[in-house]
Each structure stands twice: as C-alpha cells, then as structure tokens.
J.: 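First, the structure itself, so that you have it in front of you.
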Amino acid sequence: MYSFDIERPTTLEDAVEALKDEEAQALAGGQTLIPTLKQRLAAPERLISLTSIPELKGVSAKDGWITIGAATTHAEVAKSVSAYPALAALAGQIGDPAVRNRGTIGGTLANNDPAACYSAAALASGAVIQTNTREIAAADYFLGMFETALEEGEIIIQVRFPIPEVASYQKFAQPASRFALVGVFVAKFADGVRVAVTGAAEEGVFRWSEAEAALDSSLAPESIDALEADDDGLIADIHGTAAYRAHLIKVLARRAISAMS
Amino acid sequence: MTKISISVNGESKSAEVEDRTLLSHFLRENLGLTGTHIGCDTSQCGACLVHVDGLAVKSCTMFAVEADGTDVRTIEGMANADGSLSKIQAAFQEHHGLQCGFCTPGMVMSAAALLKENPDPSEEDIREYLEGNICRCTGYHNIVKAIQAAAAA
C-alpha cells in the first residue's frame with residue numbers, strides 16, 4: 001500500500017468537512033477498499049473512516065419502512081431486520097461471516113460493484129438513499145459499473161426500504177468470491193411486482209421489466225415460462241458466458257417466485 | 001503515525017503505528033504474536049482471523065488504527081488459564097483437524113466465534129460458517145468433526 005493518513009471523525013459534520021479535501025477518500029468497512037489499496041489501484045492521501053459515527057449506525061422499522069444506517073454491518077442487518085426477512089437473508093449471504101462483521105450497506109452501495117447483492121434489494125424494493133445533501137431514489141442511483149449518482153464528497157447516511165408484501169432473493173454464488181454470479185431479487189408491493197438482477201450485466205444491477213409485467217398479472221413461476229432474459233450487455237468471463245447468465249436469470253427468478261408463494 | 005491502545009488477549013498494548021498498518025501486521029510485527037497467520041492477504045483465506053470486540057474479523061482487512069480502543073483476541077489467548085488447550089484446540093488435536101497447521105489459528109478462532117453464536121451447530125451450520133476459512137490439507141472433514149466434538153464437550 002502507498003502511505004496515507006486515516007482520520008476517524010465521530011460526527012457527520014466532521015466527516016463531511018474532511019471529505020471536502022480532494023485527496024480524501026471515504027472508508028467504510030474496508031472489505032473492498034483495503035484489498036484495492038493493497039493492489040495499489042487507489043492512492044488516496046487520506047482515508048476518512050465513517051465507522052465511528054454513531055448516527056450512521058443502527059436499524060429501525062416504522063410505518064412500513066425499514067431504515068438502515070449506512071455504517072451498519074451486513075451481520076447486523078442479517079440479525080436485526082426481522083420485519084423484512086428477504087433483506088435479512090440477503091445480508092446473511094454476503095461474503096463470509098468475518099466479511100459480514102466489517103462490510104457495511106453504505107459501503108457496498110457507494111462502491112456499486114456490478115455483482116453486489118444489496119443493489120438488487122435496493123432497486124427491487126424502490127429504496128431511498130439518504131445522503132448528507134439529498135434523497136436519491138434507487139431507480140436514479142445506480143448509473144453503471146462502479147458508478148453512482150453520488151457527488152464528490154457526498155456521504156450516504158441511511159437507506160430506507162419500503163417493506164414489500166412478500167419478497168425473495170436468490171443468488172447463484174461464484175464459489176471463490178461469494179459474489180453473485182447472478183442474483184435475482186423479486187419483491188411484490190400493492191402497486192406491482194419488481195424484479196432486479198445483479199451480477200449479470202456489464203452495467204450492473206437492472207430491472208427485468210418483461211418479467212415484472214408477466215408477474216403483475218399472476219405471481220406464479222409459470223408466468224415467466226414464455227420469457228427469455230436478453231443476453232445483450234451481459235457479462236461474459238471465465239465463470240460463465242452471457243447466454244449462461246441469461247439462463248440463470250430465469251432459473252433464479254423462478255426460484256424466487258416459488259419461494260414467495 | 002498514530003498512537004493506538006488495544007487490549008490484546010487481556011493485556012493493554014500501546015504503540016505508535018503508521019496509519020496504513022494492518023491489524024495483522026501490528027499483531028505479528030509490533031507485538032510478536034505470530035500465531036495470527038497471513039495466508040492470502042486478499043481477505044479470502046481466513047488464516048488471519050481474530051476477534052475484535054468478540055466478532056470474527058479478518059485482521060488483514062482492517063487497519064490497526066481502526067482497532068484502537070477495542071478488545072482483540074488472537075490464537076495466543078485461546079488456551080485455558082493454566083496453559084492447557086481449550087476444548088476447541090483439544091478437539092482439533094484429538095480429531096486430526098489439522099495437518100500442516102497453517103490455517104489452524106484462523107479455523108480455531110472461527111470455530112470459537114461460531115460456538116459463541118450457536119452452541120449447538122449442525123454439520124451444515126459449521127460448513128457454512130467456515131466459508132471464509134480455507135484449508136488445503138484436511139478436506140475440512142476432520143475440522144468439522146473437531147468442531148462438532150467441541151460443541152458436544
């Protein structure tokens with residue numbers, strides 16, 4: 001690693017101030033950033049740790065919404081989000097237990113790895129990402145591989161998820177990394193069904209709108225039998241071809257729908 | 001450089017460290033606690049697993065300054081007070097849960113974290129919990145048996 005300084009502010013105001021420095025980079029759980037620094041793929045002069053700020057931590061449920069502080073770890077979400085079981089189950093499948101004790105929801109959303117699990121939950125749920133300056137709807141937040149709507153120095157404070165009537169996340173884990181080779185999150189709300197796919201596309205998480213339309217009329221696995229996920233723009237690598245990933249999208253969507261009924 | 005104070009295996013330790021120092025390097029190089037192994041250094045193998053405030057953490061993927069003020073436990077702190085092996089360590093010995101031994105510190109720390117969370121795990125629970133610990137010798141079978149035996153002891 002190149003040399004850098006680490007600051008550990010204990011208030012949001014201090015963190016926002018520290019991140020105004022162009023050479024500063026936010027550090028959440030570090031489960032992606034620290035390996036990146038070791039490979040010298042990033043060379044910030046200063047890391048601003050966001051894990052010592054109490055107001056960024058914790059989970060609460062109110063009026064049909066779950067609110068999760070950005071610095072809440074995956075392990076805490078898995079343990080404490082009982083009002084949204086599919087979200088808790090998703091958090092409990094990220095990485096491995098030690099990674100889940102450090103990695104945070106804010107860190108993963110800010111990084112926007114194209115194979116991250118939380119992005120599928122956020123998009124399928126219609127979550128709201130609250131930053132120090134504004135609220136961003138999940139639909140406007142994910143802009144492509146490792147690209148988000150966050151501005152320079154903008155910090156995620158919390159993520160709010162509306163609780164669906166029923167939901168399921170099905171992940172086909174890449175066996176070495178435990179990232180989703182493909183992951184499909186299906187959520188049913190009073191106003192319709194949303195299907196979000198992670199791991200599959202070059203541009204990151206996306207909604208499978210044909211499946212949503214079919215499931216709006218009937219939430220049953222057979223409803224998507226006639227559909228094929230389009231393999232245009234899907235990732236092709238040593239782990240699987242684009243066609244293979246397209247096939248997995250349908251298989252996992254069917255599994256999710258079966259688990260919901 | 002930042003001054004940090006960490007309780008390591010119940011003893012208070014203070015040092016000036018470079019901010020980029022990883023917790024694994026701090027334990028091994030500053031404190032001489034070389035039982036915490038560095039295997040892959042890419043957050044995958046789990047040989048460097050320690051407990052920070054009771055939670056299993058890969059010490060190669062956490063900065064020492066982030067551990068300031070915490071309570072860290074390493075494999076050196078796992079034996080009983082009289083120096084005899086703890087029940088998990090004894091079970092690894094009894095059930096041949098190690099061969100070369102490189103992954104063992106991390107395996108024992110993971111097993112201890114699992115049994116604290118879930119004192120009566122199924123074989124599947126154990127295998128799932130060990131997802132982040134890689135062993136190239138045993139094929140895991142005897143590690144699972146050792147943890148089952150420790151849970152029953």
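Just so we're on the same page: letters track the sequence lines, and every chain starts at 1. These figures come from a predicted structure and were not determined experimentally.
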J.: Less than 4.5 Å apart, side chain to side chain, heavy atoms only: is that true for B/N142 and B/V144?
T.: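 With C-beta onward as the side chain, the pair stays apart.
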
J.: Let me know if A/T51 has heavy atoms under 4.5 Å from chain B in its side chain, its backbone, both or neither.
T.: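 Interface part for A/T51: side chain.
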
J.: Taking the basic N atoms (NZ, or NE/NH1/NH2) and the acidic carboxylate oxygens, is any pair closer than 4.0 Å for A/K38 and B/D41?
T.: yes

J.: Does any heavy atom of chain A fall under 4.5 Å from the side chain of B/E117, the backbone, both, or neither of them?
T.: neither

J.: Donor-acceptor pair, A/T198 side chain versus A/A116 backbone, under 3.5 Å?
T.: yes

J.: Is the closest basic N to carboxylate O distance between A/E17 and A/K20 below 4.0 Å?
T.: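 Counted as a salt bridge, because a side-chain N and a carboxylate O are separated by less than 4.0 Å.
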
J.: Do you know which of A/L37, A/L47, A/L27 has the most heavy-atom pairs under 4.5 Å to chain B?
T.: A/L27

J.: Going by heavy atoms in the side chains, are A/Q170 and A/F185 under 4.5 Å from each other?
T.: no

J.: Answer with side chain, backbone, both or neither: which region of B/N133 has an atom nearer than 4.5 Å to a non-hydrogen atom of chain A?
T.: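 Contact with chain A: none, neither part.
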
J.: Let's test your reading of the structure: which of A/A176, A/G95, A/P35, A/P97 forms the most heavy-atom pairs below 4.5 Å with chain B?
T.: A/P97

J.: Is it the side chain or the backbone of B/L55 that comes within 4.5 Å of chain A heavy atoms, both, or neither?
T.: both

J.: Hey, does the side chain of A/N132 reach the backbone of A/E154 with a donor-acceptor pair shorter than 3.5 angstrom?
T.: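 No: the side chain of A/N132 does not pair with the backbone of A/E154.
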
J.: Go through B/M62, B/E128, B/Q44 and name the one with the most non-hydrogen pairs under 4.5 angstrom from chain A.
T.: B/M62

J.: Name the option with the most non-hydrogen atom pairs under 4.5 Å to chain A; the candidates are B/L130, B/I134, B/V65.
T.: B/V65

